[in-house]
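The block underneath contains the structure these notes are about, expressed in C-alpha cells.
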Amino acid sequence: MGERQVAPSERQLILETDTDSKVLSTSRSYHVGRDPLSDIVLTDPRVSWHHAVLRPGEGWWTLEDLGSTNGTFADGRPVQRRSGVGPGTVIRFGNPSTGPCAVLRAVPPPTPEPVVPTPVTHATGTFRQPTMVRQLVTRTIRIGRALDNDLVVDDLVVSRNHAELRARPDGGYDIVDLGSHNGTYLNGQPVHHAPVDAGDIVGIGHSAFVLVGDELQEFVDTGEVSLGVQGLAVTVDRGRRTLLDHVSFPVGEKCLLAVVGPSGAGKSTLLNALTGLRPAEQGTVLYDGRDLYRDYAELRQRIGLVPQDDILHSQLTVRRALGYAAELRFPGDTAKAERQARVDEVIHELGLDARVDQPIHSLSGGQRKRVSVALELLTKPSLLFLDEPTSGLDPGMDRSVMHMLRGLADDGRTVIVVTHSVLSLDVCDRLLVLAPGGRIAYYGPPEEALPFFGFSQWPEAFEAFENDRERDWSGQFRASPQYYQYIAAAMDQPRLPVSSAQGVVKRPKAQSWGGQLRTLIRRYTAALTADRTFLAIMIALPFVMGAMAHALAGSELTTDTALNALLILCVGGVLTGAANAVRELVKERVIYQRERAVGLSRSAYLASKVVVLGIVTVVQAFVLTLVGLFGVKLNAPDGKGIFLPPLVETAVAVALLSFTAMMLGLFVSALVRKEEVTMPLLVLLAIIQVVFCGALLQLDGVPGLEQLAWLVPSRWALGAMAGTIDLHGIVPQKITADPLFEHSASTWLVNVGMLVVLSVVLGFIVSKLLRRHEPAIMRK
C-alpha cells in the first residue's frame with residue numbers, strides 16, 4: 001500500500017490487540033513477535049519470533065516486516081518492506097484475514113484521571129501497582145495466613161499469625177514478628193521488633209508492605225520479576241587471575257536464559273554470584289530493582305537453585321522426599337493437608353504423577369532432575385537457577401528437560417540455566433556466551449549467536465575460544481549492534497552505585513528449631529532404614545566384633561586373654577562408631593548447602609545426625625559388649641565394678657568410646673572434600689586407636705607420646721575398662737601399671753569424663769566445619 005502522511009496530532013497512537021492495548025510513544029520503536037521480551041507479544045504460532053517493528057517517523061509511523069515466515073499485512077495488503085500506518089489501520093500478522101489483529105487508533109483528548117494508588121519507589125527497589133490498599137484505622141494490624149488476621153496473606157511460607165503492625169503513641173508504627181517460621185524483614189533485614197517509617201518495606205513471605213501516608217499498601221511478588229546484573233567482578237590469587245570481568249546484562253520477566261562457554265569461562269562463578277552463594281567482589285545484582293546482596297536474608301526465599309548433583313535423599317520415594325522438604329520449608333503451623341496439596345501440585349506440574357511412590361535412585365537422570373526442580377518449586381520461587389541440568393543425559397532427555405524449563409518460564413518465572421549442552425538453545429529467550437577470562441562474548445537471542453561469531457556449528461565456536469585467546473571477544477561484542485540493542489538499551493536506566501558485596505547478612509534467629517530437629521530425625525531415620533546394605537552392615541558389625549572378643553576371652557579373663565579381649569572391644573567400639581558416621585556429612589553436602597541457604601538450622605541438622613547415629617551406635621556398643629563378654633568370668637575385685645556390675649560398667653565405657661568415635665567420624669566427614677577418601681581415613685583412625693590406646697605401647701611417663709594419646713578416645717576407654725576389672729591385678733605387668741588403669745572411682749570418672757569432653761569438642765569443631773559450606777554471604 002502507498003505511504004500516507006499523518007497529521008502531527010495523530011503521531012501518538014494507541015495499538016489495540018485482542019488481549020491488550022498500548023499507547024505508542026513517539027520516542028521509541030516497538031517490536032512485535034512471539035519473543036516474550038518483545039514490546040508487543042503475540043503467541044499465535046503463525047507469528048515469527050521477531051516478526052515486525054513499528055517505528056515513529058517525521059510526521060508518520062512506519063510498519064516494517066522483519067523477514068517473517070508468514071508475512072505482515074496492513075489493511076489486507078502485504079507489507080513488503082516498509083509501509084506508512086496511522087489511525088484506523090488494521091494490521092494482521094501471519095495471515096491477511098485470520099491472523100492476530102492489531103488496530104491503530106488516535107489518542108483521545110485528555111480527561112481527568114481518577115486517583116489511583118501509585119507505584120512506590122524506595123532505595124530497596126521499585127514496586128508495581130499495589131495489590132491491596134488498607135486504611136490504617138486500627139492501632140494494631142495482625143498479618144498472617146490464618147483467616148482471623150486483619151490482613152490475610154495466602155502464602156504457605158507465611159505463618160498463621162506471622163507479625164503485627166502496632167501503632168505507637170507518637171503516631172508512628174512498629175513491626176513485631178510473632179515468632180514466625182521464615183521471619184519478618186524490614187528493608188531486607190530480619191527484625192523482631194523495629195520502628196517502621198514511611199517508605200520502609202516490610203517483607204513477609206512473597207509480600208511487601210509499605211506505609212504511604214495513612215495507608216498500608218501490599219505488593220505481591222507473583223514471580224514475574226526481572227534481574228539486572230551490573231559490573232560483576234571476581235578475582236582470585238590476590239587479583240592476579242580474573243574469573244569474572246565486570247559482567248553486565250539484563251534478564252527480563254518470564255525469560256529463559258542459557259549461559260554457555262568453554263571450561264574456565266566463569267560460568268559457575270557467575271551462578272554463585274547471581275544466587276548469592278559467593279557474592280562478587282564488585283558489582284550489583286538487582287532483583288526487580290532491589291539489591292540482592294543487601295537484602296539477601298529476605299530475597300533468598302524467592303530464589304530456587306538446582307545444583308548439578310541431586311539435592312534429595314535418593315533412598316526415599318518421590319512423595320516422601322518432597323514431603324519432608326515441605327515440612328522443613330513451610331511453617332510448623334501449616335496443616336499436613338496444606339503441605340501435601342502443595343507437594344501434589346508440583347508433582348503434577350513436573351509430570352511425576354506416575355513416579356510418586358518410586359525410590360529416587362531408581363529414576364532416570366531426567367526424572368531425578370525433575371524431582372530436584374519440584375523440590376525448589378515448593379516455595380514458588382520467582383528466580384530459578386539450574387547448574388548443568390542436562391549433564392550426562394542423552395539428547396532426547398536433554399531436549400525434554402529444556403522444554404520443561406521453557407514451560408516453567410512461561411508459567412511466570414525467570415529461569416537461568418548454566419549448561420555445556422547446545423542441543424536445545426533454540427527454546428531459550430536469551431543466550432549469554434562467556435569467553436575465557438569471564439568476559440561477555442555475546443548476549444542476545446540464541447539464533448543470532450552463531451552468525452554473530454561467523455560460524456555454522458557450536459564446536460567451531462568453542463574451538464575458536466580455546467585456540468584464539470588473543471582475540472578480543474568482549475571488545476568485538478561491545479562494538480556490535482547486538483550489544484546496544486540487548487544490553488545497553490535494555491539497561492538504559494539510572495544505575496545503582498557499584499559497591500563492594502563483602503557485607504554481612506544478618507540471619508534471623510532459627511524459628512521452630514525443635515520442629516526442624518524432629519523432621520530431620522524422621523527423614524534421616526527413613527533414609528537409613530531404606531538403605532538395606534548399610535542397615536545390614538550396622539547390624540552385623542557388632543556381632544562379628546563381639547564374637548571375636550568372646551573367642552579371645554574364653555570363659556574367663558586371664559593373664560593371657562584379658563588385655564587382648566579389652567583391645568578387641570576398643571577396636572570394635574571405634575569401628576562401629578566411626579564407620580556409622582564417616583560418610584554421612586560429605587555425602588549430603590550438596591543437600592545441606594541448599595537447605596542451609598533457605599533457612600535450615602545448622603545446629604538442628606548436626607543434632608539430628610548425633611541423635612540418630614548416637615542411638616544406633618550406643619545400641620551397637622551394648623550388643624558388642626554383651627556378645628563379647630556375656631558368660632565370661634571377668635575376675636573383678638569382689639566380683640564388682642566401681643559403680644555398677646562389671647559387665648554393665650564395661651558396656652558403658654564401650655558405648656562412650658563408640659559415641660566419641662562416631663563424633664570423630666563426623667569430624668572426618670565434615671573435613672574431607674570427597675566421599676571416596678573416607679574409607680582409607682577410617683582404617684587410619686582404627687590403627688591410631690590401637691597403637692595409642694595403651695595396650696601395645698608404654699605411654700605413661702613417655703614425653704610426647706603420653707600427651708598425644710590424650711587426644712585418642714580409646715586411651716580413656718581402655719583405662720575405664722581396665723579400672724573396672726582391675727586389669728593390673730589380672731595381668732601384673734609394667735604396661736598394666738598405668739595410672740589410668742587404676743581400680744578407683746576418681747580414675748574411672750576421669751576416663752569417662754574425658755570421653756565426654758572429646759565428644760563435645762569434636763561436635764563444636766564439626767559445627768565450625770559445616771559453616772564452610774554455607775553461602776558466603778550468610779557467614780558471620
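Below, each value reflects all heavy atoms present in this structure, side chains not excepted, and no hydrogens, waters or symmetry copies. Note that the structure is a prediction, hence the values are computed from the model and not measured.
- In this structure, Glu281 contributes its side chain and Thr235 its backbone to a donor-acceptor pair below 3.5 Å.
- Salt-bridge check for Arg145 with Glu338: passed, with a basic side-chain N closer than 4.0 Å to an acidic carboxylate O.
- At least one donor-acceptor pair closer than 3.5 Å links the side chain of Arg339 to the backbone N or O of Thr334.
- Contact record, Val247 with Gly438: CG2-O, 3.3 Å, taken as the closest heavy-atom pair.
- Contact check for Ile175 versus Asp200: no side-chain heavy atoms found under the 4.5 Å cut-off.
- Residues Asp35 and Arg430 are paired through a salt bridge, judged by an N-O separation under 4.0 Å between the basic side chain and the carboxylate.
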Between Ser38 and His31, does a side chain to side chain donor-acceptor pair (under 3.5 Å) hold up when you go through it step by step?
-> CA-CA 5 Å; Ser38 298; His31 289 260; over 6 Å; no

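- In this structure, Asp472 places its CG atom where more than 12 heavy-atom neighbours from other residues, nucleotides or ligands lie under 6.0 Å away.
- Between the side chain of Ser248 and the main chain of Gly231, a donor-acceptor pair closer than 3.5 Å is present.
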Could you give me the CA-CA distance, side-chain angles and deciding distance for Glu164 and Arg139, then say whether salt bridge (charged side-chain N to carboxylate O under 4.0 Å, His left out) is met?
-> CA-CA 10 Å; Glu164 286 183 349; Arg139 296 194 59 80; over 6 Å; no

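- With hydrogens and angles ignored, the 3.5 Å screen pairs no side-chain donor or acceptor of Arg478 with any backbone N or O of Tyr483.
- Looking at residues two or more places apart in sequence or on another chain, you find a salt bridge (Lys or Arg N to Asp or Glu O under 4.0 Å) between Glu345 and Arg342.
- In terms of the salt bridge (Lys or Arg N to Asp or Glu O under 4.0 Å) criterion, Arg34 has no residue partners (sequence neighbours excluded).
- Judged by distance alone, with hydrogens and angles left aside, the side-chain atoms of Arg413 form a donor-acceptor pair with the main-chain N or O of Leu408 at under 3.5 Å.
- When all heavy atoms of Met402 and Cys428 are compared, the pair lying nearest together is CE-SG, 3.8 Å.
- Between Asp177 atom CG and Tyr185 atom OH the span is 9.0 Å, to the nearest 0.5 Å.
- The closest donor-acceptor contact from the side chain of Gln301 to the backbone of Asn182 lies under 3.5 Å.
- Partner of Tyr443 under the ring pair (Phe, Tyr, Trp, His ring centres under 6.0 Å) criterion, out of Tyr484, Phe249, Tyr486: Phe249 alone.
- For the 3.5 Å distance criterion, the side chains of Gln230 and Thr284 fail to qualify, holding no donor opposite an acceptor.
- Between Asp39 and Lys22 there is no salt bridge, since no side-chain nitrogen of the basic residue lies less than 4.0 Å from a carboxylate oxygen of the acidic one.
- Considering all non-hydrogen atoms of both residues, Ser421 and Val260 come closest at O-CG1, 4.4 Å.
- For Tyr293 (side chain) and Ala273 (main-chain N/O), a donor-acceptor pair under 3.5 Å exists by modelled atom type.
- Without hydrogens or angle criteria, Lys267 side chain to Gly261 main chain gives a donor-acceptor distance under 3.5 Å.
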